[in-house]
K.L.:
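Right, I'll just put the structure down here and ask away after.
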Amino acid sequence: MKILLLISFVFLFFGCANTKNVTKNLPSVNLVVQQEKYSLILKYQFYDKFKTYDKNLAKFTVETDLSFNTSDALSNNGNKKLKIIKGTVDFKIFDKSKTKIIKTGSISSSINTGSVSSLYSIDENINFAKERIAKYLGSKLYRTILLNIYSSEN
């Protein structure tokens with residue numbers, strides 16, 4: 001019984017040692033954004049995820065359009081006005097020659113900002129919220145594009 005237990009213990013630790021870990025390189029993606037502050041933040045966050053890519057794989061071009069909408073809302077007790085900022089990025093995934101559209105779509109996210117009293121604080125609060133939305137949408141866009149590229153290959 002001890003020998004059987006010892007053999008199963010050895011197989012437990014060394015049986016999975018021969019598993020092969022395959023890392024798949026990413027294809028080359030060219031992200032086209034508007035030349036404004038929040039779109040550039042989105043682009044930086046998107047490319048921050050791409051550490052290496054395979055030059056031999058198919059190349060893709062992604063055109064994006066980032067927009068923000070602001071609306072008013074009331075707090076729980078109804079005393080203070082809050083703002084809801086909604087960011088939306090519309091995207092189109094093309095092949096490298098831009099002849100075939102692989103996927104079009106839209107990703108959105110929203111944040112409600114707190115109530116502050118000074119005009120400067122209101123502007124800075126809105127700018128900071130837009131920066132956070134742009135970063136979040138950049139990482140969501142990265143995952144969405146990879147999912148669509150890998151599903152289009154199969």
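One-based numbering along the sequence shown. Values below: all heavy atoms of this structure, side chains included; hydrogens, waters and symmetry mates excluded. Everything numeric here is computed off the predicted structure, so don't read it as measured data.
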K.L.:
Taking all atoms of both residues into account, what is the closest heavy-atom pair of Ala129 and Ile111, and its distance?
P.N.:
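Of all heavy-atom pairs spanning Ala129 and Ile111, the closest is O-CD1, 3.9 Å.
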K.L.:
May I ask you to test the Lys130-Lys37 pair for a side-chain heavy-atom distance under 4.5 Å?
P.N.:
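Heavy-atom side-chain distance check fails, nothing below 4.5 Å.
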K.L.:
Would you give the length of the straight line joining atom NZ of Lys92 to atom NZ of Lys103, rounded to the nearest 0.5 angstrom?
P.N.:
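Rounded to the nearest 0.5 Å, the NZ-NZ separation comes to 14.0 Å.
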K.L.:
Between Ala134 and Leu66, what is the shortest heavy-atom contact and its length?
P.N.:
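Minimum heavy-atom separation between Ala134 and Leu66: CB-CD2, 4.4 Å.
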K.L.:
Is Phe68 reachable from Tyr136 through a run of I, L, V, M, F, W or Y residues, each pair having side-chain heavy atoms under 4.5 Å apart?
P.N.:
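No.
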K.L.:
If you apply the rule side chain to side chain contact (heavy atoms under 4.5 Å, CB included), what do you find for Asn30 with Lys59, and how did you get there?
P.N.:
CA-CA 8 Å; Asn30 181 24; Lys59 295 176 173 49; over 6 Å; no
K.L.:
Which heavy atom in Thr88 sits nearest to a heavy atom in Ser106, and how many Å separate them?
P.N.:
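The pair with the smallest heavy-atom distance is CG2-OG, 3.2 Å.
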K.L.:
In chain order, what residues pass the ring-ring contact (aromatic ring centres under 6.0 Å, His included) check against Phe91, with sequence neighbours excluded?
P.N.:
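For Phe91, no residue satisfies ring-ring contact (aromatic ring centres under 6.0 Å, His included) once neighbours in sequence are set aside.
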K.L.:
Side-chain heavy atoms nearer than 4.5 Å, only ILVMFWY residues, links allowed to pass through others: does that put Val29 and Ile101 together?
P.N.:
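Each belongs to a different hydrophobic cluster.
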K.L.:
Gln34 side chain to Glu36 main-chain N or O, any donor-acceptor pair under 3.5 Å?
P.N.:
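Such a contact is absent between Gln34 side chain and Glu36 backbone.
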K.L.:
Measure across Asp95 and Ile102 and return the closest heavy-atom pair with its distance rounded to 0.1 Å.
P.N.:
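Heavy atoms of Asp95 and Ile102 come nearest at N-CD1, 4.2 Å.
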K.L.:
Could you state whether Leu141 and Leu146 fall into the same hydrophobic cluster, counting links through intermediate Ile, Leu, Val, Met, Phe, Trp or Tyr residues with side-chain heavy atoms under 4.5 angstrom apart?
P.N.:
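Shared cluster, yes.
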K.L.:
May I have the step-by-step check of ring pair (Phe, Tyr, Trp, His ring centres under 6.0 Å) for Phe60 and Phe94, ending in yes or no?
P.N.:
CA-CA 6 Å; Phe60 298 95; Phe94 295 95; over 10 Å; no
K.L.:
If we only count heavy atoms from C-beta on, is the Asp90 to Thr64 side-chain gap below 4.5 Å?
P.N.:
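No - every pair of side-chain heavy atoms lies 4.5 Å or more apart.
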K.L.:
Keeping Thr144 on the side-chain end and Lys140 on the backbone end, is there a donor-acceptor pair under 3.5 Å?
P.N.:
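Confirmed, Thr144 side chain pairs with Lys140 backbone.
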K.L.:
Tell me whether Leu42 is reachable from Leu40 by hopping between hydrophobic residues (I, L, V, M, F, W, Y) whose side-chain heavy atoms are closer than 4.5 Å.
P.N.:
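Shared cluster, yes.
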K.L.:
Please identify which of these residues, Ile126, Asn112, Asn125, meets the side chain to side chain contact (heavy atoms under 4.5 Å, CB included) condition with Lys83.
P.N.:
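Exactly one pass, corresponding to Ile126.
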K.L.:
For a side chain to side chain contact (heavy atoms under 4.5 Å, CB included) with Tyr38, tell me which candidate from Asn127, Ile133, Val33 qualifies.
P.N.:
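With Tyr38 as partner, Asn127, Ile133, Val33 yield a single side chain to side chain contact (heavy atoms under 4.5 Å, CB included), made by Asn127.
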K.L.:
Locate the shortest heavy-atom distance separating Ile84 from Ser110; write the atom from each residue and the value.
P.N.:
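That closest heavy-atom pairing would be CG2-CB, 4.3 Å.
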K.L.:
If you measure from CD1 on Ile85 to CZ on Arg132, what distance do you get to the nearest 0.5 Å?
P.N.:
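It is 8.5 Å, given to the nearest 0.5 Å.
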K.L.:
Do you know which two heavy atoms are closest between Leu31 and Tyr47, and how far apart they sit?
P.N.:
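So the two residues come closest at N-OH, 2.7 Å.
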K.L.:
Nearest 0.5 Å please: distance from the OG atom of Ser109 over to the NZ atom of Lys86.
P.N.:
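Rounded to the nearest 0.5 Å, the OG-NZ separation comes out at 9.5 Å.
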